Amino acid sequence: MDKYVTGDVIRRLREAKKMTQEELAAKLFVSGKAVSKWETGKGYPDISLIEPLAAALDISVIELLSGDTVTNRNRSANMTKAAFYVCPVCGNVILASGEAVVSCCGIILPALEAEPAEEEHAIRMEKVEDEYYVTLDHPMTKDHYISFLAALSDQGIQLIKLYPEGSAEGRFKISRVKRLYACCNRHGLYYQPCGPRQRK
Ligand SMILES: [Fe+2]
């Protein structure tokens, strides 16, 4: 993890749970004084206490270490709120149907913010039978390439992983696709609306 838990975070989460230092201490089999020390920055909880501490505060270890809790308001699971996370270390692509705390290779990943596709990352689409044939006129070198293509509908996401030296193209089932995405390893995530009005 890029940072260890801080006293402020423990205090904030404990107070949000309306627990006293003593009550939290009792759950962890430590003294109230120990909790007080953590919260005032005079000590750290032993690493072996991280899991029980997260459980006592009713959050995940990742949320505890990131110092933030996530409340996903996207309860209807509408895929238009889908979020993409890309690990800059290993290239892993992670999809979530809403807000989440996501970590990979020890890093907490921010959700990528998609921008409308501009000229350099224009997403071209052609209807071929029951598929969209999607291409980009973009470099595919080791240093600069399109790392994935995605097609979003209200039911789900189709994802195609691309690799350097390959081609910047993919095929998606047309079924209710509303948006196409292309992710450049250097410039970020781009989208283009797609649907009956955009179809050729
Ligand atoms: Fe690019």
Side-chain angles (χ1 to χ4, degrees), residues 1-3 60 62-63 65-68 70-74 76-200:
M1 291 298 157
D2 59 346
K3 60 187 168 188
S60 67
I62 287 172
E63 286 171 301
L65 296 180
S66 71
D68 207 2
V70 166
T71 305
N72 184 10
R73 291 176 194 83
N74 181 31
S76 62
N78 180 339
M79 291 306 288
T80 55
K81 297 274 168 58
F84 294 85
Y85 300 83
V86 176
C87 177
V89 179
C90 71
N92 196 1
V93 181
I94 301 150
L95 295 176
S97 63
E99 289 174 65
V101 175
V102 173
S103 115
C104 189
C105 295
I107 304 166
I108 290 162
L109 306 176
L112 294 184
E113 226 165 275
E115 292 171 44
E118 30 68 319
E119 205 174 326
E120 203 191 331
H121 298 89
I123 302 169
R124 294 179 224 290
M125 173 192 78
E126 201 183 318
K127 200 175 156 189
V128 181
E129 294 173 358
D130 61 342
E131 290 181 322
Y132 285 132
Y133 173 57
V134 174
T135 53
L136 278 91
D137 188 10
H138 186 278
M140 288 298 278
T141 64
K142 275 187 181 140
D143 297 329
H144 186 198
Y145 64 98
I146 299 299
S147 60
F148 68 83
L149 297 174
L152 177 123
S153 75
D154 48 7
Q155 298 166 307
I157 297 176
Q158 304 171 62
L159 179 87
I160 297 174
K161 187 85 180 77
L162 302 179
Y163 299 92
E165 318 295 347
S167 1
E169 62 176 23
R171 288 172 187 273
F172 297 103
K173 291 276 171 217
I174 284 176
S175 170
R176 299 168 79 166
V177 168
K178 289 193 168 146
R179 247 185 189 199
L180 293 169
Y181 290 91
C183 186
C184 167
N185 73 320
R186 274 206 194 167
H187 299 108
L189 186 64
Y190 295 91
Y191 73 88
Q192 184 162 298
C194 182
R197 257 178 262 158
Q198 279 79 26
R199 275 179 204 163
K200 283 179 186 172

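Worth saying up front: this structure is predicted, and the values here are computed from it rather than measured. In listed order, ligands and their atoms are each counted from 1.
- Within a radius of less than 2.8 Å around the Fe ion (ligand 1), the protein N, O or S atoms are H121 NE2, H138 NE2, H144 NE2, C184 SG, H187 ND1.
- In this structure, K173 and D130 approach most closely via the heavy-atom pair NZ-OD2, 3.5 Å.
- Relative to the six-membered ring of Y145, K142 misses at least one condition, a distance below 6.0 Å or an angle of at most 45° to the axis.
- D143 approaches N185 most closely through the heavy-atom pair O-ND2, 3.1 Å.
- Atoms CD1 and CZ, from I160 and F148 in turn, are 11.5 Å apart once rounded to the nearest 0.5 Å.
- Contact check for P164 versus T141: no side-chain heavy atoms found under the 4.5 Å cut-off.
- Within the 4.5 Å cutoff, side-chain heavy atoms of H144 are placed close to those of H187.
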